[in-house]
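The basis for the numbers below is simple: all heavy atoms, side chains too, and nothing from hydrogens, waters or symmetry mates. Bear in mind that the values here come from a model prediction, so they are computed numbers and not experimental data.
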2 protein chains.
Amino acid sequence: MSHAPPSSSSSRPAHGLSLAELIEAEEGRGLLACFAERALGEGALFDQADRDQILIVRRGRLRVYLATHERELSLAYLAPGDVFSTHTRAQIVAQEETTLLLAPRRAIERELAAYPPLQAAVIRVLARTLGQSITLIEDLAFHSVRGRIARYLLRGLARRGEACAVGAQIRLELTVEEIAALLGTARQTASSELSAMIREGAIARLGRGNLVVLDPAALRAWAGEPQSG
Amino acid sequence: MSHAPPSSSSSRPAHGLSLAELIEAEEGRGLLACFAERALGEGALFDQADRDQILIVRRGRLRVYLATHERELSLAYLAPGDVFSTHTRAQIVAQEETTLLLAPRRAIERELAAYPPLQAAVIRVLARTLGQSITLIEDLAFHSVRGRIARYLLRGLARRGEACAVGAQIRLELTVEEIAALLGTARQTASSELSAMIREGAIARLGRGNLVVLDPAALRAWAGEPQSG
DNA sequence: GAGTGTCTGTCAGTCGGCTGACATTGCGCG
DNA sequence: CGCGCAATGTCAGCCGACTGACAGACACTC
């Protein structure tokens, strides 16, 4: 799961193929046979009946979230190439027309021995997901809403490899409400805090859905990062 | 990581050997060679220099936690047989005299192909850890302190396979302060809430560090579980 | 242009949980 | 036994965040 918004899918270092790349490649031909394609219309809930499935997004966008009757917490948005597993307690909904590949977890486990690169791919996905979970736990346990927003903005920059410097632009690809759900807070609180951060001169609006960094040090301080330089 | 207190180590279903069992078994002999033994005295911090290590607890007890300058959040207590990896941002401290087995992650990855059962073991550890992380996220995002305490108590019962019925006993193996750290709250708040739950008759004290369930329905309601029966 | 829906900003009221402070209990040990 | 220390229970004061409500901004359609 990519904790950031519309995740630019596979940014894989030289460790090996991602699961998505693997099944498209030559050596994954047999593996591909395990998967069935499925289409989801916009707003369609992924049926919780098919648990224990591995899914790969081919096209579209999925939102993964935890829910109670009264509140929802988004865990991630999945873009084409992203991989997820339904055996967690998370729900999944299609944000737009989406097609995905599905395979039962048992089948994948059976293939593990046959496709050595598959092991590494699966472990890598799990490790990355775990890392993002810990980021979320840190957010919820240690950081105020303002800090979480600052961290969210900094992650957005880091994901593109941009430094947090004066003039750096941040494209908000989600609505305030969606960001609030991702940070575990209410829409109104996120809106107020963001406004306050602008009023205090740390950032500025640049048209609809765009921000510019004015005071990197303030952002980093709110994010609870060690001040360097 | 076992989210519960002093985790009764391996309660593995019939899926295969755990990593800890695997390295002790015949077929793990070569694997064992990757590991070096290390001893930690009580209160010793696991050196953050050796990142990217797989560790297996042999004897003693470790606490895994996230920390800032001003606060700590315990993620898990590791008992003999438990497995963890240091590549997360978590810190580790020995609660008592502890000995553990250490292997570089790279070495383990190299062995993956040679020991097919190892793949399953590693994936299982990661999946379990991820599941516990999601439980913690649910706690922090959806449940009040009272709810988290109720959920903690219910998990304790479930872990022993006991039902939450009138008269069921709960052994608190941690101090209130340690429980608070595990639930992401302050010591005082945890203490007050626990006292209130007792005052309201849902549970009762039974000597030092022991509780009895008096009103299972109340506990389940606080925990936010669907009321059945 | 008017009408409609969505996204957004903002406010007052309320409450849960944190902080700091202090009293109490229980246990180990000289 | 009495001292000391750790673990607890409890309180008042404060603050951050949620709730509900409403108004403005923007995009789309007819």
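- Side-chain proximity of A:Thr175 to C:dG9, C:dC7, C:dG17: nearest is C:dC7.
- Rounded to whole Å, the distance from CE on B:Met197 to P on C:dG16 is 15 Å.
- Taking atom CD1 on B:Ile179 and atom P on D:dA7, their separation rounds to 13 Å, with Å as the unit.
- Heavy-atom contacts from other residues, nucleotides or ligands closer than 6.0 Å to CD of A:Glu177 number 12 or fewer.
- Here B:Arg205 does not reach the OP1 or OP2 of C:dT25: none of its side-chain N or O atoms lies under 4.0 Å away.
- Taking atom CZ on A:Arg199 and atom P on C:dG9, their separation rounds to 11 Å, with Å as the unit.
- A straight line from CD of A:Glu178 to P of C:dT8 spans 8 Å, rounded to a whole angstrom.
- For A:Ser192 and C:dC11, the shortest distance from a side-chain N or O to OP1 or OP2 is not below 4.0 Å.
- The CD-P distance, from A:Glu193 to D:dC15, rounds to 15 Å in whole Å.
- A:Ser191 comes within 4.0 angstrom of a base, heavy atoms only.
- Contact between A:Ile56 and A:Ala20 at its shortest, heavy atoms only, is CG2-CB, 4.1 Å.
- Summarising the geometry of B:Ala168 relative to B:Ala163, their closest heavy-atom pair is CB-O, 3.7 Å, with the distance given to 0.1 Å.
- The minimum heavy-atom distance between A:Leu182 and A:Ala76, with the atom names listed, is CD1-N, 4.3 Å.
- Proximity of B:Leu183 to B:Tyr152: side-chain heavy atoms (C-beta onward) are separated by under 4.5 Å at one or more points.
- Note: CZ (B:Arg146) to C1' (C:dC15) measures 14 Å, nearest angstrom.
- Using a 4.0 Å cut-off between charged nitrogen and carboxylate oxygen, A:Glu178 and A:Arg63 do not count as a salt-bridge pair.
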Check: protein-nucleotides 18-22 of chain D nitrogen or oxygen pairs below 3.5 Å:
unit_1, atom_1, unit_2, atom_2, d
D:dC18, OP1, A:Thr185, OG1, 3.3
D:dC18, OP2, A:Thr185, OG1, 2.6
D:dC18, OP2, A:Ala186, N, 3.4
D:dC18, OP2, A:Thr189, OG1, 2.7
D:dG20, N7, A:Gln188, NE2, 3.1

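- Taking atom CG on A:Leu194 and atom C1' on C:dC7, their separation rounds to 13 Å, with Å as the unit.
- A heavy-atom distance below 4.5 Å is found between the side chains of A:Trp222 and A:Glu200.
- Atom-to-atom, NE2 of A:His143 to P of D:dA17 comes out at 12 Å; the value is rounded to the nearest Å.
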